[in-house]
Visitor: 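Provided herewith is a single structure, encoded as structure tokens, for subsequent inquiry.
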Amino acid sequence: VLGVFGLCGCTKIQDAVDDAEVGDMIVVYNGTYTENVCVDKRLKLRGEGADVVTVRAARSGHEVFEVTADRVYILGFTVTGATGSNVAGIRLYDADHCVISENNAHGNCEGIRLHLSSNNTLANNTLDLNNRYGIRFLGNSNNNMIKDNTLNSNGMDGIYMYSSHNTLTGNTLNSNGRDGIYITDSSNNTLANNTLNSNEHCGIHLHSYYYKYNPKKPNTPNTPNTPN
């Protein structure tokens, strides 16, 4: 176990990550840390609690936590200040079997983003007051479990999903600026026991660009153009 302000003598989370061996746990003690952290090996990062450990982006155009390795755990942090266009407090990129839990992501462009990342668990996070999305799924982020999160008062959607075979259960999504849950061009997702109130447009919005621009009814044969 390595500790920030603890056993390893590190004063930055990134220094502890760089010094750690694959499979280590890093314990981050209470305080405010101003940095952008890249996690590129299998580690467990555990803050003493989101109420006492804050990580603020040193560069607002980059993620607070960027995860590019499989089987990473991030638990017990407040992450904020990643306000640049299309950046998130926590981003998983090509990262599978990770656990993101008991964090508070607010004041970012997006709270958490998954891109090319599958078989992850996001649980018991509070993702409020982000400029665009609480959680955003981009392509090929499949078979993820999203459970028992709170996603309120985000500027656009609580959850934006462009991926398939995901499970959303027990989440609370209220007072978001567009939809509680927005799912586009996706299939085989499971939504169960979620609470969605007072979202500006829809509680749950299912959308397809394919059918919007290709409105032919299923099982209707194509009809060739007939010259006048």
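Index from 1, following the sequence.
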Visitor: Taking the six-membered ring for Trp, are the ring centroids of Tyr162 and Phe137 within less than 6.0 Å of each other?
Guide: no
Visitor: With hydrophobic residues grouped by side-chain heavy-atom distances under 4.5 Å, do Tyr73 and Val28 end up in a single group?
Guide: no
Visitor: If I take atom CZ from residue Arg71 and atom CG from residue Asn119, how far apart are they, to the nearest 0.5 angstrom?
Guide: 9.0 Å
Visitor: Is there a path of hydrophobic side-chain contacts, each under 4.5 Å between heavy atoms of I/L/V/M/F/W/Y residues, joining Leu129 to Val87?
Guide: no
Visitor: Apply side chain to side chain contact (heavy atoms under 4.5 Å, CB included) to residues Asn197 and Thr195 and explain how you reach the verdict.
Guide: CA-CA 7 Å; Asn197 293 309; Thr195 300; 3.5 Å; yes
Visitor: side-chain hydrogen bond (donor to acceptor under 3.5 Å, both in side chains) with Tyr182: which of His205, His207, His201?
Guide: His207
Visitor: Check side-chain contact (heavy atoms from CB on, under 4.5 Å) between Thr167 and all other residues, then give those that pass, not counting sequence neighbours.
Guide: Met145, Thr169, Thr190
Visitor: So, Asn103 side chain and Gly76 main chain: donor-acceptor pair closer than 3.5 Å or not?
Guide: yes
Visitor: Run the numbers on Asp157 and Leu151 for side chain to side chain contact (heavy atoms under 4.5 Å, CB included), then give the verdict.
Guide: CA-CA 9 Å; Asp157 305 320; Leu151 308 100; over 6 Å; no
Visitor: Could you work out, with salt bridge (Lys or Arg N to Asp or Glu O under 4.0 Å) as the rule, every residue matching Glu102, not counting sequence neighbours?
Guide: none
Visitor: Can you give me the closest heavy-atom contact between Gln14 and Val37, atom names plus distance?
Guide: OE1-CA, 3.2 Å
Visitor: For residues Ser198 and Asn174, is any side-chain donor paired with an opposing acceptor at under 3.5 Å?
Guide: no
Visitor: Testing the basics here: between Asn86 and Glu63, what is the closest heavy-atom pair and its distance to 0.1 Å?
Guide: O-OE2, 4.1 Å
Visitor: Are the side chains of Thr83 and Cys109 in touch, meaning some heavy atoms are under 4.5 Å apart?
Guide: no
Visitor: I need the single residue from Asp179, Leu196, Leu173 that forms a side chain to side chain contact (heavy atoms under 4.5 Å, CB included) with Ile204. Which is it?
Guide: Leu196
Visitor: Under a 4.5 Å side-chain heavy-atom rule over Ile, Leu, Val, Met, Phe, Trp and Tyr, are Ile26 and Leu75 clustered together?
Guide: no
Visitor: What closest approach, in Å, do Ala69 and Arg42 show between heavy atoms, and which atom pair accounts for it?
Guide: CB-N, 4.1 Å
Visitor: Treating Asn120 as the side-chain partner and Cys98 as the backbone partner, does any N or O pair qualify as donor plus acceptor under 3.5 Å?
Guide: yes
Visitor: Salt bridge check: are Arg178 and Glu200 linked by an N-O gap of less than 4.0 Å?
Guide: no
Visitor: Drop me the distance from Ser187's OG to His165's NE2, to the nearest 0.5 angstrom.
Guide: 5.0 Å
Visitor: Quick check: closest heavy atoms across Ile13 and Glu35, and the distance to 0.1 Å?
Guide: N-OE2, 2.9 Å
Visitor: If two hydrophobic side chains count as joined below 4.5 Å and joins carry through other members, does Val99 share a cluster with Ile146?
Guide: no
Visitor: Do Thr184 and Leu206 have side-chain heavy atoms sitting under 4.5 Å apart?
Guide: no
Visitor: Is the backbone of Thr150 close enough, under 3.5 Å, to the side chain of Thr126 for a donor and an acceptor to pair up by distance?
Guide: no
Visitor: Between Ala82 and Ala88, what is the shortest heavy-atom contact and its length?
Guide: CB-O, 3.5 Å
Visitor: Linking Ile, Leu, Val, Met, Phe, Trp and Tyr through side-chain heavy atoms less than 4.5 Å apart, which residues share a cluster with Leu116?
Guide: Tyr93
Visitor: Do Asn154 and Asn176 pass the side-chain hydrogen bond (donor to acceptor under 3.5 Å, both in side chains) test, and can you show the C-alpha distance, the side-chain angles, and the key distance before you say yes or no?
Guide: CA-CA 5 Å; Asn154 295 287; Asn176 293 289; 3.1 Å; yes
Visitor: Taking Asn36 for the side chain and His62 for the main chain, is one N or O donor matched with an acceptor at less than 3.5 Å?
Guide: yes
Visitor: Check for me whether the distance between the ring centres of Phe77 and Tyr33 falls short of 6.0 Å.
Guide: no
Visitor: Nearest 0.5 Å, what's the NE2-CG distance between His97 and Asn144?
Guide: 10.0 Å
Visitor: Quick one: pull up CG in Leu122 and OG in Ser101 and give me the separation to the nearest 0.5 Å.
Guide: 8.5 Å
Visitor: Counting only heavy atoms not in Arg132 (residues, nucleotides, ligands), do more than 12 fall under 6.0 Å from its CZ?
Guide: yes
Visitor: Checking side chain to side chain contact (heavy atoms under 4.5 Å, CB included) for the pair Leu92/His115: CA distance, chi angles, key distance, verdict?
Guide: CA-CA 6 Å; Leu92 275 59; His115 191 185; over 6 Å; no
Visitor: Whether the side chain of Ser163 engages the backbone of Asn142 through a donor-acceptor N/O pair (distance < 3.5 Å, no angle test) should be reported.
Guide: no
Visitor: Just how far is it from atom NZ of Lys41 to atom OG1 of Thr68, taken to the nearest 0.5 Å?
Guide: 10.5 Å
Visitor: Can you check side chain to side chain contact (heavy atoms under 4.5 Å, CB included) on Val55 and Phe65, steps first, answer last?
Guide: CA-CA 9 Å; Val55 188; Phe65 285 103; 4.1 Å; yes
Visitor: Main chain of Leu168, side chain of Asn194: is a donor-acceptor contact present, judged purely on distance under 3.5 Å?
Guide: yes
Visitor: I'd like to know if Glu110 and Arg136 make a salt bridge, using a cut-off of under 4.0 Å between side-chain N and carboxylate O.
Guide: yes
Visitor: To the nearest 0.5 Å, how far apart are OG in Ser117 and CD1 in Ile112?
Guide: 12.0 Å
Visitor: After noting the C-alpha distance and the side-chain angles of Ser164 and Asn188, does the key distance pass the side-chain hydrogen bond (donor to acceptor under 3.5 Å, both in side chains) rule?
Guide: CA-CA 6 Å; Ser164 299; Asn188 296 296; over 6 Å; no
Visitor: Looking at Asp18 and Ala16, would you say the former's side chain and the latter's main chain have a donor-acceptor pair under 3.5 Å?
Guide: no
Visitor: Can you see whether Asn171 engages Asn149 through a side-chain donor-acceptor pair at a distance of less than 3.5 angstrom?
Guide: yes
Visitor: Please check if Leu45 and Val64 belong to a single hydrophobic cluster, counting links between Ile, Leu, Val, Met, Phe, Trp and Tyr side chain heavy atoms closer than 4.5 Å.
Guide: yes
Visitor: How far apart are the closest heavy atoms of Val79 and Asn108, and which atoms are they?
Guide: O-ND2, 3.2 Å
